[in-house]
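Scope of the values below: all heavy atoms of this structure, side chains included, with no hydrogens, waters or symmetry mates. Numbered from 1 within each chain, the chains take letters A, B, ... in sequence-line order.
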Amino acid sequence: MTMTFQDSQNAFAAALLHPDLPLPHGITTARGTADPLRFAVYRNNVHFSLTTALAQRFPVTQRLVGPDFFTGMARAYAADHKPASPLIMHYGDDFPAFIAAFPPAASVAYLADVARIEVAWSQAYHAADGPPLEVAQLAAIAPERIADLAVTPHPSTRLVRSDFPAGSIWSVHQGETVVPVGEWRAEAVLIVRPQMQVEIRILPEGDAEFLACLLRGAALGEAAEAAFAVAADFDFGSALIGLTTLGAFSAFEPLEGEVS
Amino acid sequence: MNRSTLTLALAGSLASAIASTAFAAPLAPEKMAGNEKCYGIALKGQNDCAAGPGTTCAGTSTMDYQGNAWKAVPAGTCTSMNVNGHKGMLAPVKS
Amino acid sequence: MSMSKDRTAALPQRAGLGLKPEHYATILADRPDVGFFEVHAENYMGAGGPPHRYLEAVADLYPLSLHGVGLSIGAARPLDREHLKRLRMLVDRYRPQSFSEHLAWSTHDSGFLNDLLPLPYTAETLARVIDHVDETQQWLGRRMLLENPSTYLLFSESTIDEIDFLAAVASRTGCGLLLDVNNVMVSAVNHRLDPVAYIDRFPIERVGEIHLAGYDETFDGAGDRLLIDAHGSAVRPDVVELFRHTLSLSGPLPTLIEWDNDVPDFATLHAEAVRADAMLSAAAPRRSVTRAA
């Protein structure tokens, strides 16, 4: 029986991904015999290139647990998660979810949230460009329409809410020396790139709830009510201006299906 | 809060925020950078060409593939993230 | 069919460098004398952001070569249409002077494997590669270059010599070839072939670009020398000599220095280009060759 091209490529890939399998049939050397070490070069290239890509995308996550632990965790992830496309910049979008469910990392409870910030950072970095909504456009809104307007988020806008000071932890790892985080509390982190620089900002609790609702498509009125419910001191005008000034939005739009 | 009360409250809040911050005029991007500091807590970021992972068309001679036979505990900066409380510390490792 | 100036212009017969994010600022500030820059197409397939901003600025100043690493032309499965569309968008946006890809595969049902994997050379695989090169050239509306691979193993089912395989793809599809001289050295040592004889037999008139890189050296299971295509160092002396021999047959050609791992500072990288430029200047112009119509 002769194997088709597709069959033999499937066998090659299977042996590449499952080290327990024997070498694929039909590989050889100039000596006339197969050499496991030569096949291991390809196996190694696949795993090394993927774990290296994760280390490059998650530098703070790696520093938090150290390179040995990180490499082991990245290997475990890469074993079952191959990139969906050749766009390696997107590889690891679901690595934070994997970390959250990875028992050996359970002792570092905030690790997955820091990884979520790193995903958001690189997504913002590569997001589509576009002019953010300007504050002047806020002033032009007819007062009676405000409550029913929804926003179009800027393509780069991401919000990461953590029970831990994930933003501060990320921040103290940006330099050579790492200092402990002072205040240990929940943080909501906005990541946005209105121009060419990624901005990262810790938001007050009410403002984070407000933005989370807007990102889900809620109108300003509904989002404001949700924000008041979690933070009595929520200031709608300051929050809307602050978020707009940071470039979190592209446009305002009447809520679909809303009758005025 | 009923609808008209809410609308009034939001419009008033926005109007006073606009008045108090003199934001009404269009802002140039470089001017935005100064004003936005008032809002939230800015975190120090990475430089602007930290593109993250890219492709490679090269191989490696680092033969480090060891399957999943791996035992390690986190051993990075996570052990020192919080000095005042214990929430940032690792759970004690049982030996 | 109307052809824009960019599409017909070729890369200059000079040394070029891979464009690395850590060098963006230096290049734009100093505008070093470099023949062209080459990028991996897949690294510029994000929607927006600084990578595109920088590439636009660099492409305004220098000729550009787009080098794909993810099309998987050597796969048994069909080419990914979504990826072809992304490539076409990039080609339309940046109008590079050259587009090249590899004789290798990387995409499988299990996902993108992120390595350039080898394929056997048979009548069946040749037909598949010809189809894939035809399809790519039709999608992009332009001629592409196909690169010879570096390989670490052989297939007992192979019935066609690698050079004959590449020559057949080129003559059947009209594509050009990218001759990676480091890959020639790596494969020749790994498979006990004579690298000079490989170059001498290569269809040199089809070559539109040369690649040079540094290899790593190790040993295989039987203790034989095994070269790894590592791109993490300066070009090795034996590859420099093989390049000189290549130029004696080809005349000057656009020549890329590939240094993708442990990327050095720009000055060190540029020194590699200056060395290659000196060799290109010393090479006699390519003998006039008659191309098959």
Measure A:Leu54 against the heavy atoms of chain B and call it side chain, backbone, both or neither at under 4.5 Å.
neither
How many angstroms lie between atom CZ of A:Phe58 and atom CH2 of A:Trp121, to the nearest 0.5 angstrom?
13.0 Å
Audit row: A:Phe102, A:Tyr77, ring pair (Phe, Tyr, Trp, His ring centres under 6.0 Å) steps and yes/no:
CA-CA 9 Å; A:Phe102 188 61; A:Tyr77 172 80; 10.0 Å; no
Structural part of A:His173 lying under 4.5 Å from a heavy atom of chain B
side chain
What pairs with A:Tyr42 under side-chain hydrogen bond (donor to acceptor under 3.5 Å, both in side chains), at least two apart in sequence or on another chain?
none
Under the side chain to side chain contact (heavy atoms under 4.5 Å, CB included) test, residues paired with A:Ala53 that sit two or more places apart
A:Ile88, A:Tyr91, B:Pro53
Just verifying a value: how many Å separate A:Thr157 OG1 and A:Leu211 CG, rounded to the nearest 0.5 Å?
7.5 Å
Any idea which of B:Thr77, B:Thr55, B:Thr56, B:Leu8 has the most non-hydrogen atom pairs under 4.5 angstrom with chain A?
B:Thr77
If I measure from the heavy atoms of chain B, does A:Pro67 come under 4.5 Å with its side chain, its backbone, both, or neither?
neither
Atom group of A:His18 that falls short of 4.5 Å from chain B, counting heavy atoms
neither
Check each atom of A:Ile146 against the heavy atoms of chain B and say whether the ones under 4.5 Å are side chain, backbone, both or neither.
side chain
Segment of A:Val172 engaging chain B (4.5 angstrom heavy-atom cut-off):
side chain
Counting only heavy atoms closer than 4.5 Å, note whether A:Val41 contacts chain B via side chain, backbone, both or neither.
both
Kindly compute the distance separating CZ (A:Arg75) from CZ (A:Phe48), expressed to the nearest 0.5 Å.
10.0 Å
